[in-house]
Amino acid sequence: MGRHGWNSQARRWRLTALLGVGAAAVALVITLLNTLPDSGGSTAGTTPDGDKVHGTPAVPPGDARPQVGWGFTHTQYSADEGEDSATDRVKAELADQGRPVPQIQHIMGWGAGNPEPVPGRYDFSNMDRRMDFIRASDGTPVVTLCCAPDWMKGGEPGTDNTDWSQQSLETAPDRAHYKDYAKLAATVARRYPDVRHFIVWNEFKGFWNTGKGRWDYEGYTELYNLVYKELKKVNKDIMVGGPYLVMDSVDPRQTDGVSKEVKGPWGRMDQRVLDAFDYWNEHKAGADFVVVDGSSYTVDDEMLPDEFKATDKFTAVGKWLRERTGDLPLWWAEYYVEPGDSQDNRDDWSEAHRVAVQASGLMAMVRGGATSGFYWNPQKKKGAGCAGCLWTSTRQGDGGAALPMLDLIERFGNEFGPGTTYEKVQVAADDRPNVRVLADDRAVLVVNTLDRPISAKVDGQRFDMKGYEVKWLKR
């Protein structure tokens, strides 16, 4: 999860998800015929009318709310590409939920090409395809405004000059181009008028101040405020949120640079993160919702006291955030409960174990006051094995089948959507250490935290549970 040194954040960037952007790769082979003489950059595949409305957007409801519920983020490989039968299968699965499944798409990287390779020249081809998928699956589209075209951060303009390296993509726009980035955000909003929820930037990438040893929260907040104002000019009903900080925590025994108030058996919060949040919260031009991300484990990948109790961090952090932001809805743009290896692979747990801890994490976020959360889908291009993926690869004709993690996200979103009133549930005294429970007036979610069968009594019902089983009860 989040680290303060940029090299140590490499695995969270999912380098394979940031490389191999198809449209950009194709553009590299198109040469001087489409080159601007004054800039030296190719304009191949671009258009000057980036703000032209794409497709036939659905009309957003007049009472669109800042709480969108529980969904997922599209990464480099998603269900917008592949065999038609497989992609249709995913669309139908998502559309059949009876409520829109919120879906995040970034404007550059994670499946999207460089949106503005040359000033005033746009290429939204990949993003158009993602938006078409979200619309076809009856989803609620959410756009993360990250990352920035090369010419905004010291690079060269042109479709043949996009640098897809991790170092380049982790670079924030130069301050001189903050207004240009805000204008790009407005262009995106005009192109997709059905998008009513925008997140500004991603994890403060490029905003680490090495000299001061802290986050450049002044720079981020300046960019955020410019973007916020431009989006509101496009449509006052557009909802904007930030700051998308990584809520890093450390070992509870650490005393240097840690929070004295946000702590628990799971660890202590890094005070630099809280300072950055407080600055943004005090100086923001406005916000319709608050966005953070984080892991239940520490920066050293420790799950304390264990993988289930470690998720209590989401509750503690959420309560701290809500105390400072009042009625603003709280979103977790990303959340992680299972440490990855050096390549960010998470293959050590069984799928039942993974789903059980994820369910515990969702419960913990709710207890902290969150109303929305997005699962980072680790989808691979092809292959049968894909730990934690939402569906089987759509590159195969029989692909696109829902996997256990999608079942959890969909059911959780259906049962505990925005506006849910949660109720206390009776759990037998001897079962309390072994299960985690969340309930409203219609359903009860029960998680067995043990890797063995148990008999539990919850909400007056006695039943058996398999190891790491996730069970839904009707009330």
Side-chain angles (χ1 to χ4, degrees), residues 13-30 44-47 54-58 71-97 100-115 117 122-144 146-147 159 162 164 169 188 191-192 194-195 344 374-403 405-406 409-410:
W13 261 89
R14 294 155 181 80
L15 189 54
T16 57
L18 294 169
L19 300 174
V21 180
V26 172
L28 290 175
V29 303
I30 302 176
T46 66
T47 177
H54 169 68
T56 307
F72 64 89
T73 295
H74 290 280
T75 52
Q76 174 61 31
Y77 303 111
S78 197
D80 58 309
E81 292 186 286
E83 297 294 327
D84 289 345
S85 59
T87 59
D88 288 345
R89 193 169 291 119
V90 180
K91 292 175 188 175
E93 168 68 24
L94 294 172
D96 193 37
Q97 293 309 302
V101 178
Q103 302 170 42
I104 288 179
Q105 177 58 47
H106 292 65
I107 67 169
M108 182 174 178
W110 297 283
N114 188 335
Y122 304 93
D123 179 5
F124 288 111
S125 54
N126 290 344
M127 184 123 180
D128 287 348
R129 188 178 62 246
R130 285 285 169 91
M131 291 302 301
D132 288 341
F133 176 87
I134 296 173
R135 290 169 178 173
S137 61
D138 293 341
T140 297
V142 178
V143 167
T144 295
C146 183
C147 295
T159 56
T162 299
W164 290 105
L169 286 162
V188 174
R191 187 174 186 84
Y192 311 112
D194 49 335
V195 178
D344 203 35
F374 294 84
Y375 179 74
W376 188 276
N377 186 15
Q379 209 70 37
K380 296 180 180 179
K381 185 174 184 179
K382 56 184 178 180
C386 190
C389 289
L390 298 181
W391 49 75
T392 57
S393 174
T394 54
R395 268 67 179 182
Q396 302 170 358
D398 61 349
L403 292 173
M405 195 62 68
L406 182 59
I409 300 301
E410 290 178 333

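Index from 1, following the sequence. Owing to the predicted nature of the structure, the values given are computational and were not obtained by experimental measurement.
- The heavy-atom pair separating Asp123 from Pro117 by the smallest distance is N-CD, 4.3 Å.
- With Thr87 contributing its side chain and Gly82 its backbone, the two residues share no donor-acceptor pair below 3.5 Å.
- Considering CZ of Arg129 and NE2 of His74, their distance stands at 11.5 Å, rounded to 0.5 Å.
- Remark: Ala136 pairs with Lys91 by the side chain to side chain contact (heavy atoms under 4.5 Å, CB included) rule, at least two apart or across chains.
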Can you list, pair by pair, the side-chain donor-acceptor contacts under 3.5 Å of residues 382-392, counting residues two or more places apart and other chains?
| from | atom 1 | to | atom 2 | distance (Å) |
| --- | --- | --- | --- | --- |
| Thr392 | OG1 | Gly400 | N | 2.9 |
| Thr392 | OG1 | Ala401 | N | 2.9 |

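- Closest approach of Asn126 to Gly113, counting heavy atoms only: ND2-N, 3.5 Å.
- With contacts defined as side-chain heavy-atom distances shorter than 4.5 Å, the pair Arg135/Tyr192 qualifies.
- Each of Ile134, Val143, Val142 was checked for a side-chain contact (heavy atoms from CB on, under 4.5 Å) with Val195, and the lone residue meeting it is Val143.
- One distance of note links CD of Glu81 with NZ of Lys381; it measures 8.5 Å at 0.5 Å rounding.
- The salt bridge (charged side-chain N to carboxylate O under 4.0 Å, His left out) pairs that include a residue from residues 102-111 number zero, where partners must be two or more places apart or lie in different chains.
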Does the side chain to side chain contact (heavy atoms under 4.5 Å, CB included) test come out yes or no for Glu83 and Asp398, once each step is laid out?
CA-CA 9 Å; Glu83 297 294 327; Asp398 61 349; over 6 Å; no
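- Interatomic distance, Leu406 CG to Tyr375 OH, rounded to the nearest 0.5 Å: 10.0 Å.
- When each of Ile107, Val188, Thr47 is paired with Phe124, the side-chain contact (heavy atoms from CB on, under 4.5 Å) condition holds for Val188 and for no other.
- No donor-acceptor pair closer than 3.5 Å links the side chain of Arg130 to the backbone N or O of Asp80.
- Side-chain atoms of Ser393 come within 3.5 Å of backbone atoms of Arg395 as a donor-acceptor pair (strictly under, hydrogens ignored).
- Between Ser85 and Gly397, the shortest heavy-atom contact is OG-O, 2.9 Å.
- Of all the heavy atoms in Phe374 and Pro102, the pair that sits closest is CE2-CB, 3.6 Å.
- To the nearest 0.5 angstrom, Phe133 atom CZ is 8.0 Å from Thr394 atom OG1.
- With contacts defined as side-chain heavy-atom distances shorter than 4.5 Å, the pair Met131/Arg191 does not qualify.
- For the atom pair CG (Asp88) and OG (Ser137), the distance works out to 11.5 Å, reported to the nearest 0.5 Å.
- Residues Gln379 and Asn377 are in side-chain contact: their nearest non-hydrogen atoms beyond the backbone lie under 4.5 Å apart.
- The structure places CG of Leu403 at 12.5 Å from CD1 of Ile409, a figure rounded to the nearest 0.5 Å.
- Within the 3.5 Å criterion, the main-chain N or O of Phe72 finds no donor-acceptor partner in the side chain of Gln103.
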